[in-house]
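Single-structure report; data block below.
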Number of protein chains: 2
Amino acid sequence: MKQYNRDNMADLLRGHGINPTHQRIEIAYALFSRQQHLSAEQIMATVNDRHSETSKATVYNTLKLFLDKNLIREVIVDPSKVFYDPNTQNHHHFYNTASGHLTDIDAAGISILGLPMLPEGVETEGVDIIVRIRPSERPGLV
Amino acid sequence: MKQYNRDNMADLLRGHGINPTHQRIEIAYALFSRQQHLSAEQIMATVNDRHSETSKATVYNTLKLFLDKNLIREVIVDPSKVFYDPNTQNHHHFYNTASGHLTDIDAAGISILGLPMLPEGVETEGVDIIVRIRPSERPGLV
DNA sequence: TTGAGAATTAGACACAGTCCAGATATTGAA
DNA sequence: TTCAATATCTGGACTGTGTCTAATTCTCAA
Ligand SMILES: [Mn+2]
Ligand SMILES: [Mn+2]
Ligand SMILES: [Zn+2]
Ligand SMILES: [Zn+2]
């Protein structure tokens, strides 16, 4: 699926066992059409851009539903809010701590060597690499 | 420094340019004597165990001061709270999503291959690896 | 002893996220 | 078509972290 519009959003939702409602389509469209990492607040603002149509409770309920159905994933990098990620491929992130902007890093080219064995009785749920970045201070300028 | 007690806490604080007060010593002692990852709430509960002596504002102010002076670091793995880490060595974490427990992974033995180049104009602030783990479902038992 | 600066405090406040009971929309059997 | 069962949505109260501020208390050098 290359181009995202409200029509194929419904199919996308159905494909994940989600009943496509008006609100769910708008929320999915906000995430998938931009292919960006958005906070719940940003999603609500986007969806209610022109006229208010979707409540806060529905935004949170819907995001939780999407997570549950593996349509999206969440990214925990900021202590004050969760980011929602339409990319469920195995990948990692650059996190610009100054701007709050997340960028994907494809996991395909990456390997982590030397991880110790898991403690007894647990299994891996996922491995996240977060590269925290900031605007470089360029000594010699300014 | 092998054994942590309230006396050498004061030296530890001074060594980081922090004026050792009663409250700061208690908070540092809570973290360093346990060598564990604690939330602000857990730290306040620990410090005020017997009789209340340290306010919420002081706990947060002090943790921020410790961070600023690089005495501790924070670990962002849970959307609802920050963990404070007395280990400032370069290291990574196992995070048990069921219990909320963090375990250190020494960075010494670990290498990450294939990370892409940084975007223009930014520099690396830090690289975090978080291995999310959960109790293994053991099919065949129960 | 004293008072200026440092530190602490209670409690109001901010704000992301949760919860709930009532309203609304959808569905499908009759 | 009808209408009741089910699914979804909603406003608004509420919770839990974390922040802020003005007032109080502490510390220490003079
Ligand atoms: Mn809409
Ligand atoms: Mn104490
Ligand atoms: Zn991503
Ligand atoms: Zn740690």
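What's counted below: heavy atoms across the whole structure, side chains too, no hydrogens, waters or symmetry copies.
- Close to C:dT9, at under 4.0 Å from its OP1 or OP2, lies a side-chain N or O of B:Gln23.
- Here the side chain of A:Arg34 pairs a donor or acceptor atom with the backbone of A:Ala30 at under 3.5 angstrom.
- No donor-acceptor distance shorter than 3.5 angstrom exists from the side chain of B:His101 to the backbone of B:Asn96, with no hydrogens or angles considered.
- Between B:Leu71 and the choices B:Leu13, B:Thr62, B:Leu65, B:Thr88, the side chain to side chain contact (heavy atoms under 4.5 Å, CB included) rule is met once, by B:Leu13.
- Between the side chain of A:Asp49 and the backbone N or O of A:Thr46, no donor-acceptor pair lies under 3.5 Å.
- Atom CD of A:Glu53 and atom P of D:dC9 are 12 Å apart (whole Å).
- Here the P atom of nucleotide C:dA7 and the CG atom of B:Asp68 are 13 Å apart, to the nearest Å.
- As a whole-Å value, the separation of B:Ile76 CD1 from C:dA16 P is 16 Å.
- As a whole-Å value, the separation of A:Leu63 CG from D:dC9 P is 12 Å.
- Residue A:Leu67 contributes atom CG, which lies 10 Å from atom P of C:dT18 at whole-angstrom precision.
- Atom pair A:Leu13:CG and D:dA7:P shows a separation of 18 Å (rounding to whole Å applied).
- Whole-Å rounding puts the B:Ile18 CD1 to D:dT27 C1' distance at 18 Å.
- Atoms CD1 (A:Ile27) and C1' (D:dC9) sit 11 Å apart, rounded to a whole Å.
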Practice task
Go through B:His37 and B:Asp104 one step at a time and tell me if the side chain to side chain donor-acceptor pair (under 3.5 Å) criterion holds.
Solution key: CA-CA 9 Å; B:His37 308 78; B:Asp104 284 350; 2.8 Å; yes
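- No side-chain donor-acceptor contact under 3.5 Å links A:Asp85 to the backbone of A:Glu74.
- Residues B:Tyr60 and B:Lys56 have side chains in contact (heavy-atom distance under 4.5 Å, counting atoms from C-beta outward).
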Table of protein N/O atoms under 3.5 Å from nucleotides 12-22 of chain D N/O atoms:
from	atom 1	to	atom 2	distance (Å)
D:dG18	OP1	B:Val82	N	3.1
D:dG18	OP2	B:Tyr60	OH	3.0
D:dG18	N7	B:Lys56	NZ	3.4
D:dG18	O6	B:Lys56	NZ	2.9
D:dT19	OP1	B:Lys64	NZ	2.8
D:dT19	OP2	B:Lys64	NZ	2.9

Every protein N/O within reach of nucleotides 21-26 of chain C N/O, cut-off under 3.5 Å:
none

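- Judged by distance alone, the side chain of A:Asn5 and the main-chain N or O of A:Asn8 form a donor-acceptor pair under 3.5 Å.
- Counting non-hydrogen atoms under 4.0 angstrom, A:Thr21 reaches the backbone sugars and phosphates but no base.
- Applying the 4.0 Å criterion to OP1 and OP2 of D:dT10, one finds that A:Ser55 has a side-chain N or O inside that range.
- B:His93 and B:Ile105 get closest at one heavy-atom pair: C-CD1, 3.7 Å.
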